[in-house]
K.L.:
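Starting off with a structure, shown below.
What's counted below: heavy atoms across the whole structure, side chains too, no hydrogens, waters or symmetry copies. Keep in mind the model is a prediction, meaning the values are calculated, not measured.
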Amino acid sequence: MSKKILVLETSVTLQKLFTTTLGDEHNVQFIGDGKEALYRLFELSPDLFLLNAEFEEPRSFDLVRVVRSIPCFKDLSIGMYATGPFPFDEAMAKGCGANSFVRIDQKTMALNIEELAQMPSSRLDKLELTQARKDLDDGRLFQNALSLLKDGSFKNVVLEKIIEMSNSMESVNAIVTDFLSLIVSICEIPAAGLFIVENDGPHGYYVAASGMSERELGDFLKVCAADFEQVMGDYNVSKLVPQKLECRQNIDGFYSKDVQLSAYSNGELRSFDGKECFGTVHIVSGGNFTKDKTDLFNYCIKESGVLFDKMLIVEKKIFFERRIRKAFSRFVPEQIIDELVTNSDASQKVSVGEKRAVAILFSDIRSFTSISELNRPETMVSFLNRYFTAMVNVIKKHGGTIDKFIGDAIMALFGAPVSYEDNARRAAAAACEMREVLPSVELGDLVLPEGMKFNIGIGIHYGDVTVGSLGSADKTDYTCIGDTVNLASRLEGLTKVYGSMVLVSESVKDDCPEGEFTFRYLDDVRVKGKAKAVPIFAVDRSPDEFPPAYKDAYTKGMELYKQGIWNLGKEYFEKALAAVNGDKAAKLMLSRCEEFIANPPDHWDGAIAFTTK
């Protein structure tokens with residue numbers, strides 16, 4: 001149904017947008033002057049009156065109040081809109097009498113405007129409008145307007161002060177100080193208090209005249225605490241010590257030792273919809289509160305509800321960000337932390353936990369016990385710090401997260417708390433670079449056992465784990481649990497058995513791009529705690545690290561070994577050893593063939609079981 005729409009708008013761009021969007025279906029007229037808009041309402045008798053919330057002189061909010069004060073416009077459908085970020089537009093629009101408020105977004109402007117046009121409307125009585133216009137001459141019309149604006153002028157100033165506080169949204173102390181100072185100013189009182197439930201529990205704040213005695217202040221704060229507990233029944237604040245703030249007003253001028261503090265009042269801070277209470281406000285005075293001051297006090301509390309509601313949301317976000325950065329900053333790439341603190345879904349999962357595919361990397365220093373026995377504690381600590389720094393830098397570079405240090409061991413996650421499409425590849429790349437960086441780690445005064453070269457072992461497995469914040473009420477850590485973690489740890493231990501610095505499972509190999517790494521099949525193993533055999537692979541430095549003769553002999557030997565043809569397999573492992581003298585893996589498989597020839601195992605399935613960790 002076609003509607004007559006009057007729009008108070010000075011922007012030519014927005015006028016064109018309104019015309020383009022609504023012009024074919026509705027009769028849209030524009031006015032750029034608030035005073036003229038009042039006249040035009042009588043003349044046009046529109047179905048809808050739309051105003052830009054950012055309109056000034058007079059302010060659109062005040063203009064709506066004036067319109068609503070005229071009886072014949074009490075049923076007029078009034079909509080307000082805004083194009084810029086302004087946190088109190090909606091509350092102010094509904095507070096002044098508008099039926100609806102819409103924020104016009106740059107991407108959805110046409111839809112936003114259509115939403116305004118779809119507001120329910122009611123036809124104004126033309127006879128009533130004509131009679132009202134005759135009875136209300138120009139002088140009376142604007143006298144009425146000025147009177148109304150004068151009555152609400154002080155509340156407008158209060159509201160503006162509250163809105164200004166939103167500039168300090170990230171500082172609880174600043175907002176609370178401004179708020180209590182405003183209360184002191186409008187109520188002319190010597191003390192005001194605020195008890196509020198913040199992210200980490202209830203907090204108390206107050207401002208007070210310097211001349212108040214300890215007894216007077218103590219009695220006031222006790223009453224504040226008691227009333228807070230009565231409203232917020234789940235909290236006990238008997239041991240809470242409220243924080244004193246410096247009042248921004250001359251609060252000492254409102255206190256006299258000769259006048260007893262006998263008047264007290266309090267109110268509740270609630271969300272905009274009134275459903276949630278998150279704090280209480282308290283005032284005390286040496287005389288009775290006038291009705292005007294009581295009204296202003298209640299008005300200030302009501303209008304501040306939106307401010308404090310948003311402040312607590314911001315505080316919660318800041319608290320979470322600090323917690324995440326503190327927990328992860330030393331061991332997690334900065335881009336991962338940035339994603340965590342800006343992604344609400346990730347934030348939730350960090351706290352609650354979830355199942356996801358993660359590549360787990362374990363590294364360990366070879367013969368660490370023997371090394372530590374030869375060195376002083378301070379030498380070991382100094383060296384470990386240098387070693388850990390070098391390794392952690394590599395892990396973070398490839399998007400990994402340090403889960404924990406276990407003595408000389410490192411446990412790292414690739415895929416938590418933030419996951420990538422190539423978690424396994426990142427873990428393998430980190431392991432290869434750790435191997436390359438290792439010689440650059442300065443040994444300093446570290447003494448190694450005779451004939452020993454400083455070395456490490458790295459094991460990686462890729463699979464499902466449960467990740468989240470685990471621990472007690474006093475201490476929690478972001479970590480992961482599951483068989484994938486256990487298998488990665490076992491693979492690190494097997495590096496000593498097979499003589500390879502980096503060992504990975506088949507799941508890691510299969511998830512890496514073909515040709516990026518040189519994987520060399522070693523064996524099928526059944527580690528402690530796992531019934532299913534897992535193929536394991538060494539990650540060589542290059543395809544040329546082992547000669548073709550060795551790789552060909554080892555591969556054929558493994559095929560025969562897995563089929564239980566150990567006498568022939570033995571010959572090929574001997575050839576592999578001839579190609580690479582002293583190779584630990586070939587030597588191991590040769591010894592197994594000799595053992596199985598002498599003592600064939602029962603129910604052979606081609607996999608060897610390791611019964612120790």
Side-chain angles (χ1 to χ4, degrees), residues 320-365 384-385 387-435 437-438 456-471 475-489 491-492 502 504-505 507-508 511-512 539:
F320 172 78
E321 179 174 346
R322 287 174 179 168
R323 179 181 172 192
I324 290 295
R325 290 193 183 279
K326 181 178 180 181
F328 294 126
S329 60
R330 292 177 59 196
F331 314 121
V332 181
E334 194 67 27
Q335 62 269 29
I336 290 184
I337 300 178
D338 291 340
E339 183 167 345
L340 274 176
V341 300
T342 56
N343 187 323
S344 59
D345 291 337
S347 306
Q348 180 72 12
K349 290 172 182 177
V350 164
S351 299
V352 175
E354 63 166 333
K355 186 177 182 179
R356 63 164 68 177
V358 174
I360 310 293
L361 180 151
F362 274 91
S363 73
D364 191 60
I365 297 176
L384 282 176
N385 285 335
Y387 164 73
F388 283 145
T389 298
M391 297 299 108
V392 167
N393 286 341
V394 172
I395 291 169
K396 290 172 66 175
K397 172 184 172 182
H398 291 277
T401 301
I402 303 302
D403 182 272
K404 60 176 67 72
F405 298 113
I406 313 166
D408 61 304
I410 300 172
M411 174 181 169
L413 316 179
F414 292 81
V418 173
S419 185
Y420 300 94
E421 294 181 356
D422 57 347
N423 294 321
R425 187 202 66 79
R426 288 171 177 268
C432 291
E433 187 168 346
M434 289 167 70
R435 179 172 59 192
V437 166
L438 189 65
I456 64 173
I458 301 172
I460 308 171
H461 180 50
Y462 180 52
D464 289 339
V465 297
T466 299
V467 297
S469 294
L470 303 176
K475 177 176 173 56
T476 60
D477 288 311
Y478 183 81
T479 187
C480 63
I481 54 175
D483 285 343
T484 295
V485 180
N486 299 332
L487 181 53
S489 177
L491 290 177
E492 182 278 315
V502 182
V504 302
S505 64
S507 62
V508 174
D511 204 64
C512 289
V539 183

K.L.:
Here's a test for you: under side-chain contact (heavy atoms from CB on, under 4.5 Å), which of D408, I456, I406 qualifies with D364?
P.N.:
D408
K.L.:
Where the side chain of S363 meets the backbone of I458, is there a donor-acceptor pair that is under 3.5 Å apart?
P.N.:
no
K.L.:
How many angstroms lie between atom NZ of K355 and atom SG of C480, to the nearest 0.5 angstrom?
P.N.:
13.5 Å
K.L.:
Do you know which two heavy atoms are closest between G407 and F388, and how far apart they sit?
P.N.:
O-CZ, 3.4 Å
K.L.:
Between CE of M434 and CD1 of I410, what distance do you get to the nearest 0.5 Å?
P.N.:
5.0 Å
K.L.:
Is there a donor-acceptor pair closer than 3.5 Å between any side-chain N or O of R356 and the backbone N or O of G415?
P.N.:
yes
K.L.:
Not counting sequence neighbours, which residues clear salt bridge (charged side-chain N to carboxylate O under 4.0 Å, His left out) with D422? List them please.
P.N.:
R425, R426
K.L.:
Show the numbers, then the answer: is there a side chain to side chain contact (heavy atoms under 4.5 Å, CB included) between I402 and M391?
P.N.:
CA-CA 10 Å; I402 303 302; M391 297 299 108; over 6 Å; no
K.L.:
Any side-chain heavy-atom pair from C432 and H398 closer than 4.5 angstrom?
P.N.:
no
K.L.:
Of all the heavy-atom pairs spanning A416 and T401, show the shortest one and how long it is.
P.N.:
O-OG1, 3.1 Å
K.L.:
Run the side chain to side chain contact (heavy atoms under 4.5 Å, CB included) check on F405 and L384 step by step: do they pass?
P.N.:
CA-CA 11 Å; F405 298 113; L384 282 176; over 6 Å; no
K.L.:
Looking at CG of N393 and CD of E433, how far apart are the two atoms once the value is rounded to the nearest 0.5 Å?
P.N.:
10.0 Å
K.L.:
Which heavy atom of A357 sits nearest to which heavy atom of S419, and what is that distance?
P.N.:
O-OG, 4.5 Å
K.L.:
Grab the two heavy atoms, one from E421 and one from D511, that are nearest each other, plus how far apart they are.
P.N.:
O-OD2, 4.4 Å
K.L.:
How many angstroms lie between CD1 in I360 and CD1 in I460, if you round to the nearest 0.5 Å?
P.N.:
10.5 Å
K.L.:
Of all heavy-atom pairs between V508 and Y462, which one has the smallest distance, and what is that distance?
P.N.:
CG2-N, 3.6 Å
K.L.:
Tell me the closest heavy-atom pair linking A390 and V437, and the distance in Å.
P.N.:
CB-CG1, 4.2 Å
K.L.:
Suppose we screen for side chain to side chain donor-acceptor pair (under 3.5 Å). Which residues come up paired with S507, at least two apart in sequence or across chains?
P.N.:
H461, S505
K.L.:
In the structure I gave you, are the side-chain heavy atoms of V358 and T484 within less than 4.5 Å of one another anywhere?
P.N.:
no
K.L.:
Hey, is the main chain of Y420 close enough, under 3.5 Å, to the side chain of N423 for a donor-acceptor pair?
P.N.:
yes
